[in-house]
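Down below is the structure, laid out as structure tokens.
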Amino acid sequence: MAGVRAGAQMPHLSKMERVVVSMQDPDQGVKMRSQRLLITVIPHMVAGSDLVEWLIQKYCISEEEALHLGTLLVQHGYLYPLRDPRCLVLRPDDTPYRFQTPYFWTSTLWPATELDYAIYLAKKNIRKQGALVGHEKEHYGQLHRKINHAWDLVVMQAREQLRAAKQRRKGDRLVMACQEQTYWLVNRPPPGVPSVLEQGPERSSCTAGQAQMNKNIDFYKREMELCRKALGRARVKSSVCLEAYLKFSSQRELHDPIMSGCLPGNPWVTDDDTYWTMNAPSVAVPTKLRVERWGFSFQELLEDPVGRAHFMAFLGTEFSAENLSFWEACEELRHGGQAQVRVMVDAVYQQFLAPGAARWVNIDSRTMERTLEGLHQPHRYVLDDAQLHIYMLMKKDSYPRFLKSAAYKDLLAEAVIPPEAKKRVFPFMRKLPHSSPSPALLPAATSGEPAAAAGGPECGEGGA
Amino acid sequence: MCDQTFLVNVFGSCDKCFKQRALRPVFKKSQQLSYCSMCAEIMATDGLHENQTLASLKSEAESLKGKLEEERAKLHDVELHQVAERVEALGQFVMKTRRTLKGHGNKVLCMDWCKDKRRIVSSSQDGKVIVWDSFTTNKEHAVTMPCTWVMACAYAPSGCAIACGGLDNKCSVYPLTFDKNENMAAKKKSVAMHTNYLSACSFTNSDMQILTASGDGTCALWDVESGQLLQSFHGHGADVLCLDLAPSETGNTFVSGGCDKKAMVWDMRSGQCVQAFETHESDINSVRYYPSGDAFASGSDDATCRLYDLRADREVAIYSKESIIFGASSVDFSLSGRLLFAGYNDYTINVWDVLKGSRVSILFGHENRVSTLRVSPDGTAFCSGSWDHTLRVWA
């Protein structure tokens with residue numbers, strides 16, 4: 001039961017298997033040696049450092065990454081240290097490791113039952129008094145209480161397995177004990193060690209079963225409908241699409257703080273929030289980069305409250321400000337509360353669409369006709385056609401003119417380029433970061449944008 | 001060749017043909033009926049017939065899919081890394097943890113940024129949802145949900161509310177209040193109701209609508225004030241795990257990813273799926289639009305991230321490396337779209353060059369799987385949340 005879906009949810013386990021198998025390849029695998037452990041000689045061991053080296057070579061990765069990957073392999077029980085089998089860590093030195101037997105591979109996802117665990121602990125207890133460590137002792141006690149009725153079976157099984165083991169060579173016995181110990185370290189991790197088997201809430205468990213059965217005619221019909229629709233769609237050549245990414249990313253590179261840094265400095269690095277103050281949503285003098293962005297696309301201009309305000313002013317000089325106001329009103333309708341839809345549609349109609357309206361917008365007659373008809377049954381998308389028409393009008397007509405206008409050129413000229421912050425002379429005199437008022441504290445702003453960081457009381461402590 | 005003994009329990013009127021016969025119990029949709037042997041035979045072959053229709057439909061669907069792939073391939077005249085050959089390679093990449101947010105008592109599952117570029121909301125397995133000013137690392141609000149595994153949380157555009165949900169199958173909105181006398185939980189508004197866990201939620205352009213994704217295989221758009229369902233989106237064949245709203249100027253679509261390995265693009269107005277992509281080999285944990293809105297990236301349990309172009313209608317890049325064998329749990333782009341940050345279940349964050357397809361850097365630091373990752377609204381940093389109970393801000 002646990003097997004099927006859980007297995008599907010853990011594709012990394014089968015990938016780990018493949019890594020471990022190729023590690024054991026006689027030609028290309030990790031160098032094997034024999035290790036003397038007290039008086040026993042254990043074959044097929046690999047040194048931690050050899051494992052790391054092999055990973056570096058095989059996957060062309062750094063030592064840090066190889067160590068990390070190797071550690072994960074050990075934590076998942078695919079490798080175990082022979083000398084200190086209580087601790088699943090990878091040491092990049094000559095610490096000897098061995099490959100776990102496939103019988104115990106984590107990917108088999110056998111349910112490690114309480115009974116199995118009880119037998120294992122009982123064996124340990126019988127073999128050597130006091131061999132059980134802290135949490136194991138606790139579990140042993142708990143299990144003894146919980147499955148008391150089956151305890152005879154547990155002890156009998158434990159004794160039987162120990163007896164069978166005694167008939168094997170000492171080396172084999174040691175190895176088998178380590179293998180089993182590793183298996184239980186993975187399936188019953190000691191306190192403080194996170195379980196590598198934990199996956200979070202189950203996905204599509206029983207419902208998947210049902211869903212599979214209902215993968216019926218309807219499902220396939222829907223799939224085919226989607227396919228047919230997709231076959232009919234117009235596609236753009238890959239070369240055109242991909243070129244667009246190059247253009248977009250190169251245009252935005254200087255505007256990407258992670259790629260190019262930002263002036264006066266990245267607040268997270270310098271602990272100084274001047275960058276945010278200078279780029280606050282409604283700042284008096286915007287920065288040069290910001291004003292440049294308004295030229296990238298109409299969307300960029302509208303999304304910036306300062307840009308939008310300047311554009312509105314520009315439209316005013318062209319006596320077409322009602323277009324932008326209309327667009328804003330439509331946006332409010334689309335994203336507003338359901339209860340307000342009727343009222344808002346009505347308000348928009350009265351103000352922008354009705355014959356003789358105070359701020360009548362010029363929409364082509366066909367769109368106007370369709371819109372007016374739709375108004376009989378108002379819903380939040382009823383003005384979409386009209387809104388799109390006005391949007392395209394502004395985008396194709398007013399926007400290019402704005403970019404060529406003296407107003408915009410002046411804005412570019414007056415825009416500020418922040419100087420780079422001077423490097424701190426005394427690095428240990430760390431300035432504590434300013435706190436800023438939470439947007440939730442401020443009276444609701446009209447545009448819904450949080451106000452600039454006004455530098456409230458300095459916070460005394462950070463954290464935990 | 002086995003001896004068949006038919007247990008004749010009843011002699012009576014067949015439930016199907018009503019003739020007086022020896023009857024056998026049959027089960028139709030878990031309802032027990034009594035059929036005569038003739039009708040029982042017919043029912044068995046009916047099933048066969050249905051199976052045949054199903055099989056032929058399935059193969060028809062497969063062949064259509066094949067045709068679609070052919071059509072898509074016709075216009076695929078160049079690979080992304082070829083086009084990107086003339087782009088300058090990125091230099092040494094140094095990003096460090098600049099803030100560590102400690103305070104959750106259990107695995108961090110989800111986080112979201114506030115529009116003010118410094119506050120974040122995060123949710124965890126123990127039901128706690130915390131709002132932080134991550135710049136100062138101060139906790140500003142905390143609420144305990146009545147359920148565990150709060151897998152989704154979102155900050156409202158105004159900064160005045162948060163939404164969250166998980167194993168309670170609901171999405172609830174909490175207005176943020178600084179009034180010491182007010183209990184945040186008291187003002188809680190239950191908005192969305194699904195029939196399985198909530199995996200993702202996001203406000204649209206305003207505080208008044210929420211988009212949700214659920215383990216019940218559907219996404220839904222809700223009116224916050226009334227809790228009314230405005231639109232539902234059906235089509236995924238399994239749990240939906242993630243969603244992202246398109247940054248397009250006409251703002252009407254979103255993409256979702258699910259356990260059926262499909263990424264689907266939806267029209268919010270009509271509820272129809274407009275495009276679907278199925279190239280991943282395992283569950284899709286995270287989807288995120290490229291900043292221009294013409295493409296989106298996905299992260300999956302198959303240890304790859306992929307880029308899908310909407311105009312070309314196909315996958316255009318795969319970000320994978322042989323040494324990366326754990327699933328990618330969350331992805332996000334830098335502001336210019338040149339970098340793709342992906343958090344993985346092997347505790348690391350890999351940074352990919354979106355254009356060249358190569359990995360730029362690997363970031364260590366978390367001590368358990370990275371479950372959530374978002375770039376800040378102004379692109380100055382990104383925040384990662386992990387099962388190691390902490391969140392880190394990197395810059």
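Below, read A as the first sequence line, B as the second, and so on, with proteins coming before strands; counting in each chain starts at 1. Just so you know, these numbers come straight off a predicted model, no measurement behind them.
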For residues [X] and [Y], is any side-chain donor paired with an opposing acceptor at under 3.5 Å?
X: B/D309; Y: A/Y245; answer: yes
X: B/N252; Y: A/R334; answer: yes
X: A/S239; Y: B/D77; answer: yes
X: A/W276; Y: B/D378; answer: yes

Is any NZ, NE, NH1 or NH2 atom of the basic residue among [X] and [Y] found under 4.0 Å from an Asp or Glu carboxylate oxygen of the other?
X: B/R359; Y: A/E65; result: yes
X: B/D239; Y: A/R203; result: no
X: A/E243; Y: B/R86; result: yes
X: A/E198; Y: B/K107; result: yes

Nearest 0.5 Å, what's the [atom1]-[atom2] distance between [X] and [Y]?
X: A/E253; Y: B/E88; atom1: CD; atom2: CD; answer: 8.0 Å
X: A/W268; Y: B/M95; atom1: CH2; atom2: CE; answer: 11.5 Å
X: A/S438; Y: B/H141; atom1: OG; atom2: NE2; answer: 5.5 Å
X: A/I258; Y: B/S334; atom1: CD1; atom2: OG; answer: 6.0 Å
X: B/E62; Y: A/C227; atom1: CD; atom2: SG; answer: 9.0 Å

Examine whether an atom of [X] lies under 4.5 Å from a heavy atom of chain A, and if so say whether it belongs to the side chain, the backbone or both; otherwise answer neither.
X: B/V83; answer: both
X: B/W394; answer: neither
X: B/L355; answer: side chain
X: B/E60; answer: both
X: B/R314; answer: side chain
X: B/R269; answer: both
X: B/L167; answer: side chain
X: B/S134; answer: both
X: B/P291; answer: both
X: B/K96; answer: neither
X: B/Q125; answer: side chain
X: B/L64; answer: both
X: B/L80; answer: both
X: B/L230; answer: side chain

### Task
Between chain B and each of A/Q340, A/E332, A/R228, count heavy-atom pairs under 4.5 Å; write down the option with the most.
A/R228

### Task
Among the options A/R380, A/R252, A/Q387, pick out the one with the most heavy-atom pairs lying under 4.5 Å from chain B.
A/R380

### Message
Using the rule given for side chain to side chain contact (heavy atoms under 4.5 Å, CB included), can you reason through B/E79 versus A/L242, listing the C-alpha separation, both sets of side-chain angles and the distance that settles it, and then say yes or no?
### Response
CA-CA 8 Å; B/E79 295 289 333; A/L242 302 177; 5.9 Å; no

Main chain of [Y], side chain of [X]: is a donor-acceptor contact present, judged purely on distance under 3.5 Å?
X: A/R233; Y: B/D313; value: no
X: A/K15; Y: B/D302; value: yes
X: A/K229; Y: B/C273; value: yes
X: A/S249; Y: B/S336; value: yes

Do [X] and [Y] touch side chain to side chain, with heavy atoms closer than 4.5 Å?
X: B/R118; Y: A/S436; value: yes
X: A/H12; Y: B/N345; value: no
X: B/I325; Y: A/L69; value: yes
X: B/R311; Y: A/R235; value: no

Looking only at heavy atoms, which two atoms of [X] and [Y] are closest? And how far apart?
X: B/D223; Y: A/G336; value: OD1-O, 4.2 Å
X: A/Q338; Y: B/Q228; value: CG-OE1, 3.0 Å
X: A/S435; Y: B/D133; value: CA-OD2, 4.3 Å
X: B/C114; Y: A/P439; value: SG-CG, 3.9 Å
X: A/F248; Y: B/L335; value: CE2-O, 4.5 Å
X: A/L246; Y: B/A84; value: CD1-CA, 4.4 Å

Measure distances from [X] to the heavy atoms of chain B and classify the residue's part below 4.5 Å as side chain, backbone, both or neither.
X: A/M224; value: both
X: A/Q75; value: side chain
X: A/L388; value: side chain
X: A/L231; value: both

Given the options [options], which has more heavy-atom pairs under 4.5 Å with chain A than any of the others?
options: B/R119, B/R338, B/R98; answer: B/R119
options: B/E322, B/Q272, B/E71; answer: B/E322
options: B/G258, B/G235, B/A381, B/A295; answer: B/A381

### Intermediate values then yes/no, salt bridge (Lys or Arg N to Asp or Glu O under 4.0 Å), A/E223 and B/K58
CA-CA 9 Å; A/E223 289 255 301; B/K58 186 172 177 194; over 6 Å; no

### Task
Give the C-alpha distance, both sets of side-chain angles, the deciding distance and a yes or no for salt bridge (Lys or Arg N to Asp or Glu O under 4.0 Å) between A/D271 and B/R99.
CA-CA 10 Å; A/D271 288 344; B/R99 297 288 189 277; 3.0 Å; yes

### Task
Step through it carefully: locate the ring centre of A/H76, locate the ring centre of B/F326, and say whether they are under 6.0 Å apart.
yes

### Task
Measure the acute angle between the ring planes of B/Y347 and A/H68, then classify it against the limits of 30° and 60° as parallel, tilted or perpendicular.
perpendicular

### Task
Report, as yes or no, whether the 6.0 Å neighbourhood of atom NZ on A/K237 holds more than 12 heavy atoms from other residues, nucleotides or ligands.
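No.
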
### Query
For B/E225, does the CD atom have more than 12 heavy-atom neighbours from other residues, nucleotides or ligands under 6.0 Å away?
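Count not over threshold, so no.
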
#### Entry: Residue pair B/Q209, A/H335: steps toward the side chain to side chain contact (heavy atoms under 4.5 Å, CB included) verdict
CA-CA 7 Å; B/Q209 290 174 309; A/H335 301 292; 3.7 Å; yes

